[in-house]
Asks: 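Shown below is the structure under consideration.
FYI, the numbering just counts along the sequence from 1. Just so we're clear, the structure is a prediction, and the values are computed from it rather than from any experiment.
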Amino acid sequence: MIGIKHSLVKFSLWAVLLFSSFQANAVIEILEFDSQAEKERYQTLIDELRCPKCQNQNLADSNAQIAVDLRNKVRELIDAGKNDEEIKAHLVARYGDFVLYRPEVKKETYVLWFGPAILLVFGALVVVIVLVANKRKASKNEPQAEPEEERQARLNKLLKENSEKE
């Protein structure tokens, strides 16, 4: 009985390995290009364009069906004689600025481009304000130094009072 279970586990593992290798082979695309420059241009474009479905994956790395479709569209637009800007403009018109890793600086993308710097400046300003407030608070709580003449007069008074009591 134990031998049969062991054999079933082995068979299951082999089946999983076999099907996973088919899955891995399914994402390999073989594309032929007229020139090496065209192939490099295609590769550069799919590296620069983001998959609309995946989080932080470009078209080249994504296995999503939409990424496959977009890679085919990029290839189709290259074959149609479109330049890189026209290809990007076509994809931005359909999917928005999200499809670009480096979107243009324009009114809609100000937060994206300048937001981190504004947050950094705001954070530094808050830190400076807190440090100054703490320094002022510490200086207010610090005992004031008594002038030497007043201190001596107070000591003399205490000595005199003590001597009178004795």
Side-chain angles (χ1 to χ4, degrees), residues 1-140:
M1 187 70 172
I2 294 176
I4 292 173
K5 285 183 180 179
H6 191 264
S7 296
L8 280 175
V9 169
K10 268 183 158 180
F11 176 76
S12 299
L13 288 174
W14 279 109
V16 167
L17 286 174
L18 182 66
F19 288 117
S20 67
S21 66
F22 282 132
Q23 180 66 24
N25 287 335
V27 296
I28 295 174
E29 293 176 341
I30 299 173
L31 298 174
E32 292 184 20
F33 293 91
D34 293 338
S35 67
Q36 183 65 25
E38 191 174 279
K39 181 179 180 180
E40 289 173 5
R41 182 175 161 221
Y42 170 78
Q43 190 61 45
T44 301
L45 278 170
I46 64 171
D47 285 339
E48 290 178 357
L49 295 169
R50 185 190 317 248
C51 174
K53 182 177 181 184
C54 305
Q55 292 292 322
N56 273 340
Q57 278 190 318
N58 58 23
L59 292 181
D61 294 338
S62 176
N63 294 328
Q65 184 59 45
I66 193 167
V68 173
D69 293 344
L70 288 178
R71 286 194 296 262
N72 291 335
K73 188 66 176 177
V74 168
R75 173 62 193 264
E76 179 185 316
L77 292 171
I78 287 174
D79 289 344
K82 303 285 184 186
N83 65 30
D84 293 354
E85 296 307 317
E86 289 172 331
I87 293 170
K88 289 177 185 176
H90 176 83
L91 295 176
V92 167
R94 179 153 185 160
Y95 298 101
D97 287 322
F98 180 80
V99 79
L100 299 174
Y101 271 112
R102 287 174 277 147
E104 292 180 30
V105 178
K106 55 187 178 182
K107 192 170 140 184
E108 293 84 18
T109 60
Y110 281 165
V111 172
L112 177 68
W113 282 103
F114 304 115
I118 291 170
L119 284 176
L120 183 66
V121 169
F122 180 73
L125 188 63
V126 168
V127 167
V128 168
I129 289 171
V130 168
L131 288 176
V132 168
N134 283 343
K135 189 174 182 179
R136 285 184 183 169
K137 187 176 178 181
S139 68
K140 284 182 180 177

Asks: Give the table of side-chain donor-acceptor pairs shorter than 3.5 Å for residues 73-84, with sequence neighbours excluded, one pair per line with atom names and distance.
Replies:
{"residue": "K73", "atom": "NZ", "partner": "E76", "partner atom": "OE2", "Å": "3.2"}
{"residue": "R75", "atom": "NE", "partner": "D79", "partner atom": "OD1", "Å": "3.3"}
{"residue": "R75", "atom": "NE", "partner": "D79", "partner atom": "OD2", "Å": "3.2"}
{"residue": "R75", "atom": "NH1", "partner": "E32", "partner atom": "O", "Å": "2.9"}
{"residue": "R75", "atom": "NH2", "partner": "E32", "partner atom": "O", "Å": "2.5"}
{"residue": "N83", "atom": "OD1", "partner": "E85", "partner atom": "N", "Å": "3.1"}
{"residue": "N83", "atom": "OD1", "partner": "E86", "partner atom": "N", "Å": "2.7"}
{"residue": "D84", "atom": "OD1", "partner": "R41", "partner atom": "NE", "Å": "2.6"}
{"residue": "D84", "atom": "OD1", "partner": "R41", "partner atom": "NH2", "Å": "3.3"}

Asks: Can you confirm whether more than 12 heavy atoms, excluding those of E108, are under 6.0 Å from its CD atom?
Replies: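 Counting neighbours around CD of E108, more than 12 heavy atoms of other residues, nucleotides or ligands fall under 6.0 Å, so yes.
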
Asks: So which pairs with a foot in residues 112-137 pass salt bridge (charged side-chain N to carboxylate O under 4.0 Å, His left out), sequence neighbours left out?
Replies: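 The answer is none; no pair qualifies.
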
Asks: Report, as yes or no, whether the 6.0 Å neighbourhood of atom CD on Q36 holds more than 12 heavy atoms from other residues, nucleotides or ligands.
Replies: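 Correct, the count exceeds 12.
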
Asks: Is the side chain of T109 donor-acceptor paired with the backbone N or O of L112 at a distance under 3.5 Å, no angle test?
Replies: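 It does not hold such a pair.
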
Asks: If you look at every heavy atom in F33 and E38, which pair is closest and at what distance?
Replies: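 The pair with the smallest heavy-atom distance is CD2-OE2, 3.7 Å.
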
Asks: Between atom SG of C54 and atom CG of N63, what is the distance when rounded to the nearest 0.5 Å?
Replies: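 So the SG of C54 and the CG of N63 are separated by 7.5 Å.
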
Asks: Quick check: closest heavy atoms across Y95 and P52, and the distance to 0.1 Å?
Replies: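 Shortest heavy-atom separation between Y95 and P52 comes out as CD2-CG, 3.9 Å.
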
Asks: I need the full list of salt bridge (charged side-chain N to carboxylate O under 4.0 Å, His left out) pairs touching residues 89-99, with sequence neighbours left out, sorted by first then second residue.
Replies: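 The answer is D97-K106.
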
Asks: So how far is it from I87 CD1 to Y42 OH, rounded to the nearest 0.5 Å?
Replies: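 Those atoms lie 11.0 Å apart.
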
Asks: Tell me the closest heavy-atom pair linking Q57 and Y101, and the distance in Å.
Replies: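 Minimum heavy-atom separation between Q57 and Y101: C-OH, 3.1 Å.
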
Asks: Roughly how far, to the nearest 0.5 Å, is the CG atom of L70 from the CG atom of L49?
Replies: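 CG of L70 is found 8.0 Å from CG of L49.
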
Asks: Which heavy atom of A64 sits nearest a heavy atom of K53, and at what distance?
Replies: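 Heavy atoms of A64 and K53 come nearest at CB-CD, 4.0 Å.
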
Asks: For R71 and S62, which heavy atoms make the closest approach, and how far apart are they?
Replies: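 In this case the closest contact between R71 and S62 is NH1-O, 3.0 Å.
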
Asks: From D61 CG over to I46 CD1, what is the distance, rounded to the nearest 0.5 angstrom?
Replies: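 Going from CG on D61 over to CD1 on I46, the span is 8.5 Å.
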
Asks: Work out which heavy atom in C51 is nearest to a heavy atom in F98; give both atom names and the distance.
Replies: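 Nearest heavy atoms, C51 then F98: O-CE2, 3.6 Å.
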
Asks: Measuring from atom NZ of K88 to atom CZ of R102, what distance do you get when rounded to the nearest 0.5 angstrom?
Replies: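 Answer rounded to 0.5 Å: 6.5 Å.
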
Asks: Within this structure, what is the CG-CG distance for the pair L59 and L91, rounded to the nearest 0.5 Å?
Replies: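 Separation between the atoms: 7.5 Å.
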
